[in-house]
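Let me begin by presenting the structure, written as structure tokens, before commenting on it.
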Amino acid sequence: MAWYPGATKMELQPESDSQPAIRPTQVIYHSIAAPWTPQRTYEFWRDSTNLESHFGLGYDGVVAQYIGTETRADANYLANRRSDGTGAISLESASNDNHSDPWTPAQVETLIRLGVWAHHQHGIPLRICRTASDPGYGYHRLHSDWAIGGTACPGDARVRQFNDVIFPAIAARASGAPDPTTTAPNPAPTEEELMTPEERSWMDSWFGQLNAMAWGQKHDLAAQQATIDSLVKLVAADHDLDAAAVGAAVKKAVSEALAAGTVDVDVTVHDKTATTPPKAS
């Protein structure tokens, strides 16, 4: 029998020793329709029913294993053990009472990791089960032969997560492809990228003014800095922009002008009520 190293072992007896062996070819994810910890699920399997799953998963991502994955567990109806000795690995996960909530991020991560382990440990093929007996991965309601009388388990939200996030991540991690769950998000847009074309044109005009009026750079540096600060505040206020970000952009423009061999700048404050931006002289 095989035990997942990422799980806490809570072995069910006598089932663990008395139930027949299987050759695992499928992984089936369930919701137990109760907000239970792995310990509470273990107690339910032990004390209240003759059914059981191989694993139990809490909301916090903690997982326990009750039976080795090469021993039959009875949560999957006809997929528990077939006449050819193949069977399904089953996992019950905490959910609300009608299994309508999504898996938590911690649960999603555990489901992915266990799925990857099952591929490497048992050779579960990286595909969603096409039929009830087809090797691969699935969720309880995927095929009617997996549930007596049918079931809604694990719920619509979790089915979407399985299809959109969990199985793609299992397949990616197990095969060494880029993992869609860890792809870096696009960086947040900068203040400049958020500007309209008109605002960008106005800012460019102000920067042009700075470079065009470069002759007085040595006359009064303190007055020059105060003038630039005033200019930054006016531009930011007129366009609902972050003054600090505008100031940084101004400093960058000045630095680039210096690096290109031009001199520093000296500007005067223009009337904020003007309808058009000042033009470089």
Side-chain angles (χ1 to χ4, degrees), residues 1-82 85-104 106-111 113-115 117-118 121-122 132 137-155 157-159 162 166:
M1 63 179 65
W3 296 86
Y4 173 49
T8 300
K9 188 176 181 179
M10 299 181 185
E11 190 169 8
L12 280 169
Q13 289 293 354
E15 293 88 348
S16 185
D17 290 336
S18 64
Q19 294 184 169
I22 63 169
R23 178 170 59 85
T25 59
Q26 297 172 322
V27 175
I28 301 176
Y29 293 141
H30 302 242
S31 291
I32 202 166
W36 288 349
T37 64
Q39 176 67 36
R40 178 65 184 89
T41 301
Y42 165 77
E43 292 166 356
F44 178 71
W45 294 149
R46 182 192 64 192
D47 302 333
S48 304
T49 179
N50 61 354
L51 300 178
E52 72 284 316
S53 59
H54 289 98
F55 295 94
L57 175 63
Y59 276 128
D60 59 1
V62 174
V63 63
Q65 185 170 356
Y66 312 123
I67 293 179
T69 51
E70 293 171 312
T71 299
R72 188 194 75 200
D74 295 330
N76 308 295
Y77 190 31
L78 298 182
N80 295 334
R81 186 180 188 275
R82 303 179 185 87
T86 63
I89 297 169
S90 52
L91 179 144
E92 288 282 2
S93 53
S95 70
N96 61 21
D97 292 344
N98 58 358
H99 46 65
S100 62
D101 56 340
W103 279 302
T104 66
Q107 286 178 311
V108 167
E109 180 60 24
T110 297
L111 294 172
R113 291 184 181 184
L114 193 146
W117 173 83
Q121 179 70 28
H122 297 298
Y137 295 78
Y139 46 87
H140 196 192
R141 79 184 197 194
L142 182 59
H143 297 293
S144 59
D145 282 355
W146 294 354
I148 299 175
T151 178
C153 170
R158 297 187 177 195
V159 168
F162 176 87
I166 293 169

For residues [X] and [Y], determine if any side-chain heavy atom of one lies less than 4.5 Å from a side-chain heavy atom of the other.
| X | Y | answer |
| --- | --- | --- |
| Leu57 | Leu111 | yes |
| Glu15 | Trp45 | no |
| Arg72 | Ile67 | no |
| Val159 | Pro154 | yes |
| Ile166 | Tyr29 | yes |
| Arg46 | Tyr66 | no |
| Ile89 | His122 | yes |
| Tyr4 | Gln65 | yes |

Determine, step by step, whether His30 and Ser53 satisfy the side-chain hydrogen bond (donor to acceptor under 3.5 Å, both in side chains) criterion, reporting the C-alpha distance in whole Å, the side-chain angles of both residues, the deciding distance to 0.1 Å, and the verdict. CA-CA 9 Å; His30 302 242; Ser53 59; over 6 Å; no
Donor-acceptor contact below 3.5 Å, side chain Asp47 vs main chain Phe44: no
Look at the rings of Phe55 and Trp117 and say which category their plane angle falls in: under 30° parallel, 30 to 60° tilted, over 60° perpendicular. perpendicular
Working note: Glu11 + Trp3, criterion side chain to side chain contact (heavy atoms under 4.5 Å, CB included); need CA distance, chi angles, decisive distance, verdict. CA-CA 10 Å; Glu11 190 169 8; Trp3 296 86; 3.8 Å; yes
Can you find a side-chain donor-acceptor pair between Glu92 and Thr41 that sits under 3.5 Å? no
Go through the side-chain N and O atoms of Ser95 and Arg158 and say whether any donor and acceptor fall under 3.5 Å apart. no
Heavy-atom nearest pair, Ala88 first then His54, reads O-CE1, 3.3 Å
